[in-house]
Amino acid sequence: MNQVQKLVQDVSTARNRYLDQIANLSEFQARWKPNSEVWNSIENTEHLYWAEQGGILGMWKTLHAIREGEMIRTYEFNNKDLSIEQIVERTWQPLEKVPAVAAPRLGGSLSFWKTSFFEYAECS
């Protein structure tokens with residue numbers, strides 16, 4: 001298994017672990033919030049869907065531009081050979097605001113977002 005295949009497998013494993021954690025939540029439980037500043041399980045799941053979709057789109061756009069000769073890498077890889085955990089630790093700040101593109105915004109049911117998150121993953 002090459003490095004890309006390993007990374008794709010790691011994402012799949014993480015996604016499945018998350019879906020396993022929320023598999024038995026009722027819609028009532030999924031809507032619960034300890035306070036208004038905290039996302040509930042529905043909002044977290046919608047966020048994960050948008051964040052993964054946006055990340056994949058960004059990688060495809062970059063790959064396409066490189067293959068078409070529209071982009072040449074002119075920067076150093078600051079995170080080369082680091083795990084995602086190390087990258088997050090180096091780059092994310094406490095209480096950082098989520099980019100609007102990855103923010104939960106549509107609402108709906110947990111069953112919708114679980115299915116969308118899983119089905120999207122199965123297609124990619």
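Both backbone and side-chain heavy atoms feed into the values below; hydrogens, waters and symmetry mates do not. None of the values given here were measured: they were computed from a predicted structure. This chain uses plain numbering: 1 for the first residue, then up along the sequence.
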Would you please name every residue forming a side chain to side chain donor-acceptor pair (under 3.5 Å) with S83, sequence neighbours left out?
E85, Q86

With a 4.5 Å cut-off on side-chain heavy atoms, are N44 and Y49 touching?
no

Side-chain heavy atoms under 4.5 Å apart, restricted to Ile/Leu/Val/Met/Phe/Trp/Tyr: what other residues fall into the cluster of V11, or is it alone?
none

Run the ring-ring contact (aromatic ring centres under 6.0 Å, His included) test against W60 and tell me which residues pass, sequence neighbours left out.
none

Between R31 and N40, which heavy-atom pair has the shortest distance, and what is it?
O-ND2, 3.3 Å

Do F112 and L106 make a side-chain contact, defined as non-hydrogen atoms from C-beta onward lying under 4.5 Å apart?
no

K33: what forms a salt bridge (Lys or Arg N to Asp or Glu O under 4.0 Å) with it, not counting sequence neighbours?
E43

Considering residues at least two apart in sequence or located in another chain, which fulfil the side-chain contact (heavy atoms from CB on, under 4.5 Å) criterion with A14?
none

Taking side-chain contact (heavy atoms from CB on, under 4.5 Å) as the definition, give me every residue that meets it alongside D81, ordered by chain and number, with sequence neighbours left out.
none

Which atoms form the tightest heavy-atom contact between A103 and V98, and what is the distance?
CB-CG1, 3.7 Å

Hey, what do you get for CZ (R15) to CD (E52), rounding to the nearest 0.5 Å?
4.0 Å

Do other residues, nucleotides or ligands put more than 12 heavy atoms under 6.0 Å from the CG atom of N24?
no

Sorted by first residue and then second, give each ring-ring contact (aromatic ring centres under 6.0 Å, His included) pair with at least one member in residues 2-48; sequence neighbours left out.
W39-H47

With K6, which residues qualify under side chain to side chain donor-acceptor pair (under 3.5 Å), at least two apart?
D10

For W50 and V101, work out which heavy atoms get closest and say how close.
CB-O, 3.6 Å

Any chance you could measure E68, atom CD, to L63, atom CG, to the nearest 0.5 Å?
10.0 Å

Once salt bridge (Lys or Arg N to Asp or Glu O under 4.0 Å) is applied, do any residues pair with K80, and if so which ones, sequence neighbours excluded?
none

I66: hydrophobic cluster co-members (side-chain, 4.5 Å):
M71

With distance as the sole test, does R90 use its side chain to make a donor-acceptor pair with the main-chain N or O of N78 at under 3.5 Å?
yes

Is the number of heavy atoms from other residues, nucleotides or ligands under 6.0 Å of E37 CD greater than 12?
no

Closest non-hydrogen atom pair, L110 against S41:
CD1-O, 4.0 Å

Could you check whether atom CD of Q21 has more than 12 heavy atoms from other residues, nucleotides or ligands sitting under 6.0 Å from it?
no

For residues N16 and T13, determine if any side-chain heavy atom of one lies less than 4.5 Å from a side-chain heavy atom of the other.
no

At what distance, to the nearest 0.5 angstrom, does CD of Q53 lie from CG of L57?
7.5 Å

State whether the side chain of E27 and the backbone N or O of S109 hold a donor-acceptor pair below 3.5 Å, judged by distance alone.
no

Under the side-chain contact (heavy atoms from CB on, under 4.5 Å) test, which residues partner T91, sequence neighbours left out?
I87

Going by the rule side chain to side chain donor-acceptor pair (under 3.5 Å), which residues pair with S26 if we only count those two or more places apart in sequence or in a different chain?
Q29

Can you find a heavy atom in the side chain of L48 that is under 4.5 Å from one in the side chain of F117?
yes

